[in-house]
Amino acid sequence: MPQPKVKLVVTGDDFGYCERRNQGIVDCFKAGGISNVSLLVNAVSAKHASDLAKRYHIPIGLHANLSEGLPVSRELKGSTLLNKDGFFHGKMGFRDVLQSGQLKMSEVEVELRAQVNHFFELVGHMPDHMDGHQHVHVLPEVREVFARVLSDFGITYTRVPVEPGLKFCTFLPSHLRDFYTQVEKDALESVEVFHRHDIRWPDIYLGLSTMGKYMSISNLKRALVFTREARVSSLDDSVNSPLIRTQTDETTTDSYRPVTAELMVHPGYPSHPHQGGCGDGPDDFSQSTDRLHELNTLRDPLVLSYYRQQRIHLCAFKDI
């Protein structure tokens with residue numbers, strides 16, 4: 001086989017959220033549409049998901065969750081991580097509490113370590129990678145704790161959600177562009193922290209501009225252009241060269257090695273009401289038909305053929 005130009009990790013997030021999401025993710029993996037999954041260990045169907053991963057030999061990492069549902073740790077009663085009902089504060093609520101200065105990093109560390117240990121109990125090995133549900137792992141202060149936990153457990157890879165070309169995606173609504181801009185800012189400020197702890201990430205990240213209804217064959221091709229054009233030894237600003245050079249210049253002697261990339265996706269069969277979630281029921285995101293749309297797009301023969309034509313090889317984190 002010819003040398004691949006791109007090694008692409010296509011990660012199905014939220015594995016474990018509900019059995020329908022799990023089955024959709026597995027069907028996508030079997031069809032060749034994804035190559036890796038990220039497990040929510042506090043989700044109601046995490047055990048079901050881990051059993052499926054073992055059965056079908058699906059590469060699996062940890063989707064660390066500090067924002068949705070119930071905690072894994074039993075030490076957090078009355079924690080700053082939780083609201084008055086004992087649940088995490090939510091996607092934006094977590095950020096609000098963090099920004100207010102009321103969030104205790106010691107409690108964040110307790111919960112992250114509990115989730116890593118629970119992952120090991122469910123799966124039987126340490127995560128191949130570890131990222132953050134709703135990108136909480138790159139937030140100020142949290143990223144320091146997150147990096148320390150990864151380093152202590154010997155988890156090598158994470159996700160740095162900075163997508164090249166995102167600023168040109170004018171089809172995205174303003175509220176999403178604003179949120180993604182902040183995510184990218186936080187992610188760029190995390191690079192030094194992750195680098196200091198010898199944590200790695202693929203050269204290029206994709207997925208913010210291709211979520212849900214915005215995923216299409218043409219949109220995937222548009223995003224993947226940046227992986228095809230990237231050159232590790234000579235990159236321009238359009239491919240976010242400072243981010244990539246941070247981790248490649250010191251270790252890369254072969255400028256022709258394949259570019260590595262991660263594509264974050266959320267396929268699945270839509271959750272039924274009251275079935276699934278992380279202890280407080282499924283959210284609108286999981287119940288949306290967008291999940292099925294992503295599933296069908298990712299396993300479309302035209303997408304899979306495009307990968308072959310462009311010498312894009314789907315792989316897992318452990319393969320890069």
Side-chain angles (χ1 to χ4, degrees), residues 13-19 21-22 37-51 53 60-127 129-153 155 158-159 183 186 190 266 271 274-287:
D13 277 6
D14 303 338
F15 200 40
Y17 201 84
C18 74
E19 293 194 6
R21 288 287 296 279
N22 291 350
V37 294
S38 206
L39 178 67
L40 285 165
V41 294
N42 74 325
V44 297
S45 297
K47 177 64 165 61
H48 177 256
S50 65
D51 290 343
I60 186 169
L62 174 59
H63 203 41
N65 185 3
L66 300 172
S67 56
E68 182 178 357
L70 293 166
V72 169
S73 174
R74 297 180 181 179
E75 303 176 27
L76 296 180
K77 187 175 181 180
S79 166
T80 60
L81 278 171
L82 309 177
N83 63 22
K84 60 182 177 59
D85 298 316
F87 294 103
F88 289 133
H89 293 289
K91 178 180 176 179
M92 301 312 296
F94 179 87
R95 287 165 166 81
D96 290 342
V97 175
L98 175 64
Q99 191 171 19
S100 73
Q102 298 175 17
L103 200 65
K104 292 183 179 178
M105 290 301 113
S106 59
E107 295 171 348
V108 168
E109 182 163 356
V110 165
E111 179 61 17
L112 288 177
R113 291 183 182 278
Q115 291 190 19
V116 174
N117 287 325
H118 191 43
F119 180 99
F120 185 86
E121 293 168 356
L122 289 169
V123 180
H125 62 75
M126 281 289 127
H129 72 283
M130 181 170 161
D131 55 47
H133 185 48
Q134 299 169 340
H135 309 295
V136 297
H137 67 300
V138 296
L139 289 170
E141 297 184 81
V142 176
R143 52 185 170 239
E144 292 279 357
V145 178
F146 183 86
R148 184 165 63 248
V149 170
L150 263 66
S151 180
D152 288 351
F153 280 103
I155 302 169
T158 192
R159 170 184 292 168
V183 168
D186 291 331
S190 300
H266 300 83
S271 303
H274 313 299
Q275 294 181 14
C278 299
D280 51 353
D283 58 12
D284 292 341
F285 181 86
S286 190
Q287 296 178 69

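- For Pro71 against Leu76, the heavy-atom pair with the smallest separation is CB-CD1, 4.0 Å.
- Residues satisfying the ring pair (Phe, Tyr, Trp, His ring centres under 6.0 Å) test with Phe119, not counting sequence neighbours, are none.
- Using a 4.5 Å cut-off on side-chain heavy atoms (C-beta onward), Ile60 and His125 make contact.
- Closest approach of Leu70 and Gly86 over heavy atoms only: CD2-O, 3.6 Å.
- Between Asp186 and Pro140, some side-chain heavy-atom pair lies under the 4.5 Å cut-off.
- With sequence neighbours excluded, the residues satisfying side chain to side chain contact (heavy atoms under 4.5 Å, CB included) with Ser151 are His197.
- In this view, His266 and Phe285 satisfy the ring pair (Phe, Tyr, Trp, His ring centres under 6.0 Å) rule, not counting sequence neighbours.
- Minimum interatomic distance between Ser271 and Cys18 (heavy atoms only, all atoms of both residues): OG-SG, 3.0 Å.
- Panel note: side chain Ser67, backbone Gly90; no donor-acceptor pair is recorded below 3.5 Å.
- No side-chain heavy atom of His133 sits under 4.5 Å from any side-chain heavy atom of Leu66.
- Ser38 places none of its side-chain heavy atoms less than 4.5 Å from the side chain of Leu62.
- Counting only residues at least two apart or in different chains, salt bridge (Lys or Arg N to Asp or Glu O under 4.0 Å) contacts with residues 77-93 are absent.
- Pairing each heavy atom of His89 with each of Thr80, the nearest pair is NE2-O, 2.8 Å.
- A donor-acceptor distance shorter than 3.5 angstrom exists from the side chain of Glu111 to the backbone of Ser73, with no hydrogens or angles considered.
- Contact of the Thr158 side chain with the Met130 side chain is not registered, since no non-hydrogen atoms from C-beta on lie closer than 4.5 Å.
- Using a 4.5 Å cut-off on side-chain heavy atoms (C-beta onward), Arg95 and Val136 make contact.
- The distance from the NZ atom of Lys47 to the CG atom of Leu39 is 11.5 Å, given to the nearest 0.5 Å.
- No option in Ile155, Leu150, Val41 other than Ile155 meets the side chain to side chain contact (heavy atoms under 4.5 Å, CB included) test with Pro127.
- Atom-to-atom distance recorded for Leu122:CG and Phe120:CZ is 11.0 Å, nearest 0.5 angstrom.
- Taking the six-membered ring for Trp and the full ring otherwise, the centers of His137 and Phe146 sit less than 6.0 Å from each other.
- With hydrogens and angles disregarded, no donor-acceptor distance shorter than 3.5 Å links the side chain of Ser286 to the backbone of Asp283.
- The CG atom of Leu112 sits 11.0 Å away from the CG atom of Asn117 when rounded to the nearest 0.5 Å.
- Taking the centre and axis of the six-membered ring of Tyr17, the NZ or CZ atom of Arg21 falls inside the cone set by 45° and 6.0 Å.
- For the atom pair OG (Ser190) and NE2 (His135), the distance works out to 12.0 Å, reported to the nearest 0.5 Å.
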(request) Please step through side chain to side chain donor-acceptor pair (under 3.5 Å) for the pair Glu121 and His118, ending with a clear verdict. (result) CA-CA 5 Å; Glu121 293 168 356; His118 191 43; 3.1 Å; yes

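- A search for salt bridge (charged side-chain N to carboxylate O under 4.0 Å, His left out) contacts involving Asp152 returns Arg113, not counting sequence neighbours.
- Smallest separation of non-hydrogen atoms from Ser45 and Asn22: O-ND2, 3.1 Å.
- Within the 4.5 Å cutoff, the side chain of His63 has no heavy atoms near those of the Phe15 side chain.
- The heavy-atom pair separating Arg159 from Val138 by the smallest distance is O-CG1, 4.3 Å.
- Checked against side-chain hydrogen bond (donor to acceptor under 3.5 Å, both in side chains), Glu141 has no partners two or more places apart in sequence or in another chain.
- Asp280 has its side chain out of reach of Phe88: every pair of non-hydrogen atoms, C-beta onward, lies at least 4.5 Å apart.
- For the atom pair CD (Glu144) and CG (Leu139), the distance works out to 13.0 Å, reported to the nearest 0.5 Å.
- Atom NZ of residue Lys104 and atom CG of residue Leu98 lie 15.0 Å apart, to the nearest 0.5 angstrom.
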